[in-house]
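Working notes, structure below.
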There are 2 protein chains.
Amino acid sequence: MSQRKITINEVAAAAGVSVSTVSLVLSGKGRISEATCVRVNQAIESLGYVRNRSAAMLRGGGSGVVGLIVRDVCQPFYAEMTAGLTEELATQGKVLFLTQSGARGEHLQRCFDSLLAQGVEGIVLGGGADNAGDLVMKARDAEIPLICASRASALEEVDAIRPDNAAAARLATEYLIKRGHRRIAWLGGSGTSLTRAERIGGYCTSLLQYGLPFRPDWIIECGSHQRDAAALTSELLHQHPAISAILCHNASVALGCYFGVLRSGRTVGPKAMDSYYNQQTALVGFGDVPGAELTDPPLTFIHSAARRVGRQAALHLVQRLDNPTLAPRNLIIPPVLIERESA
Amino acid sequence: MSQRKITINEVAAAAGVSVSTVSLVLSGKGRISEATCVRVNQAIESLGYVRNRSAAMLRGGGSGVVGLIVRDVCQPFYAEMTAGLTEELATQGKVLFLTQSGARGEHLQRCFDSLLAQGVEGIVLGGGADNAGDLVMKARDAEIPLICASRASALEEVDAIRPDNAAAARLATEYLIKRGHRRIAWLGGSGTSLTRAERIGGYCTSLLQYGLPFRPDWIIECGSHQRDAAALTSELLHQHPAISAILCHNASVALGCYFGVLRSGRTVGPKAMDSYYNQQTALVGFGDVPGAELTDPPLTFIHSAARRVGRQAALHLVQRLDNPTLAPRNLIIPPVLIERESA
DNA sequence: ATGAAAGCGCTAACAG
DNA sequence: CTGTTAGCGCTTTCAT
């Protein structure tokens, strides 16, 4: 059916113009007359020509390609972020290289180098940016923008887009306080998690702001195992029966916590203002994917807007591409409260 | 620090050889003497040279790039599949373009074309392959392999890797039958889902194979809303109290079902052989992500090995690249039973 | 407003 | 075993 490979030359011939004219039409740069423009486009259409980006970029045009490095696309936050990035990039006429640096970021350098070799116009670093200082230099050398789009703060002197973890926790905490809670505990996350640290900072801020005491023993470290979360919840409620609300660091913890509450002979839900003895325990969780509706009653939770982080990263990168001399900026994406029935 | 852009020429000069020698060393093709090889590599190292794939592919070398089209990377199966694909591709020295065709596959053509323009060596189609017949032709024209890696059967005459949905359902059903269940219901999925159809086929097969009746009214359609799943479960158990086990089409349904069982005054767990009256209801779910441990007791479930699907797709594609004339093959990835405590 | 021509960095013959 | 050379398809001055 179609020829082996249609080149710009054949298009030019078919349209009765020269290659440069076709090129100009393609990139919309030169001032080409309406008529020629139409003729060329017709030729392109009828021949089924597809422009060879490699050749284009070799000669100097942009490659239209952006690289992404994440540890593993399956991590909910990064999956969501990747989706947003890909979507937005597509509307900008660009495509995305996906690379995975591995669970502990062990392939970070390899990923970076292969992206460089592919001639990407820019690189988005999603998480695993710990020992990535040299990437910043490499990127500068290669003169391509590097931007971070991760869950928590990262590199210095680099554009960064990330969710506002502190604000997320403040949002959750204030929400609870305003609904009458004065004893709010924190469950979940590991002590080494930066995201968690930022969130707990926000939680602490709101507590103090409203004159509530900050009780370190109400902050429970816990892996993402339902069983553990449930057990720790029971224990917590047993030791501190006055606790009326719990913030849960992620969805699985929230679920475990939910069971822990039930197992303690309480129910999950908003504070019952009239009851003297507090049977009802409120739960608010943090989450990366929208629409998770894990329990019954469904959980009120704070959504980190990961997809928006991705979108913004794309937008930001495009800006950077246009104007490489801009000062590094930090863009913080506000959290979204999904109000349901658990608090 | 480093030069603007190191080319093969500079490497050649530094190593005191010609460009072609360098090129040969790079691709490991020609028979270059050990000594020169080392010299060249040293030069590459010290100059920080990175090979320009665009130029390479323009001239004829492979681009080392593979394209992927999924509807949305966030769908658990496809996220997992993408991760596997990316991993395996990386070990093969290739990289991946990620494109999203949108919730209803509306950008399918656009994705395909942009991948083509980027000069990919092959394309993996993950889901949304419904009205994709013309892609097969386009791919043939462009002489690049197209392979499907999706949740259920898809295109004809195309290499395909997918999970064995029927086997998954048989595995689950037999597992239950062997543990004494004779009345097994099915909950979840939409009537238009091919994956579901394949699974229900397997469920049916096992039922008949063991001489158990196939009861259409024990097969309940249900969206992925916990609430609905819970309500439908209660109703089902109310109308057919003899049902002792339920297969759940996905994780959210399983969770809803779990609550439905509890709400019906039963508990979740394996069949209690000695009790006359069947209080305990067994649950087995189907899932794409490993390690989901949603309830307490944790759910026994059938894992679709999505990551393996991705890995195999990569391997398969590489094979295809080496030998384009192979007959189309269907590769079916067996499910994995994750035994926990709900059945 | 359009065309001619000079490469971008690399690979693949073909010579030596 | 290694060097020379001719492009791959495209963009981009510089003329016209």
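Below, all heavy atoms of this structure are taken into account, side chains as well, without hydrogens, waters or symmetry copies. The sequence lines fix the lettering, A, B, ..., with proteins before strands; numbering per chain opens at 1.
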Between atom CD1 of B:I69 and atom CD of B:Q100, what is the distance when rounded to the nearest 0.5 Å? 11.5 Å

Is there a side-chain polar atom (N or O) of B:S20 under 4.0 Å from OP1 or OP2 of D:dT2? no

Whole-Å gap separating P (C:dG3) and CG (A:N9): 13 Å

With heavy atoms under 4.0 Å as the rule, sort B:S54 into base, sugar-phosphate or nothing. nothing

OP1 or OP2 of C:dT11 versus the side-chain N and O atoms of B:R51: is any pair under 4.0 Å? yes

Tell me which of B:S33 and A:V19 sits closer to the 5' end of DNA chain D, going by the nucleotide each one is nearest to. B:S33

Touch check for A:L58, heavy atoms < 4.0 angstrom, all strands: base, sugar-phosphate only, or nothing? base

Quiz item: B:R59 side-chain donor-acceptor pair to D:dG7 base, under 3.5 Å: yes

Figure out the CD1/P separation between A:I32 and D:dT11, and round it to whole Å. 13 Å

Expressed in angstrom and rounded to an integer, what is the separation of A:L24 atom CG from D:dT12 atom P? 9 Å

Less than 4.0 angstrom between a side-chain N/O of A:S18 and OP1 or OP2 of C:dT2, yes or no? no

Have a look at B:V22 and say if it touches a base, only the backbone sugar-phosphate, or nothing, with a 4.0 Å heavy-atom cut-off. nothing

Spacing of A:L47 atom CG and A:I6 atom CD1 [to the nearest 0.5 Å]: 5.0 Å

Rounded to whole angstroms, how far apart are OH on B:Y49 and C1' on C:dC10? 7 Å

May I ask you to verify if any side-chain N or O of B:S27 is less than 4.0 angstrom from the OP1 or OP2 atom of C:dT11? no

Would you say A:T7 reaches D:dG9's phosphate, i.e. side-chain N/O to OP1/OP2 under 4.0 Å? no

For atom CE of B:M57 and atom C1' of C:dT11, their distance in whole Å: 12 Å

Using the side-chain contact (heavy atoms from CB on, under 4.5 Å) definition, which of the options B:I147, B:L315, B:I161 pairs with B:L331? B:I161

Whole angstrom is fine here: how far is it from CD1 in B:I8 over to C1' in D:dG3? 13 Å

Name the residue from A:V66, A:V309, A:L68 that meets the side-chain contact (heavy atoms from CB on, under 4.5 Å) definition with A:L85. A:L68

Using a strict threshold of under 4.0 Å (side-chain N to carboxylate O), is an ion pair present between A:D113 and B:R51? no

Roughly, in whole Å, what's the span from CG in B:N52 to P in D:dC8? 18 Å

To the nearest Å, how far apart are B:R53 CZ and C:dT11 C1'? 13 Å

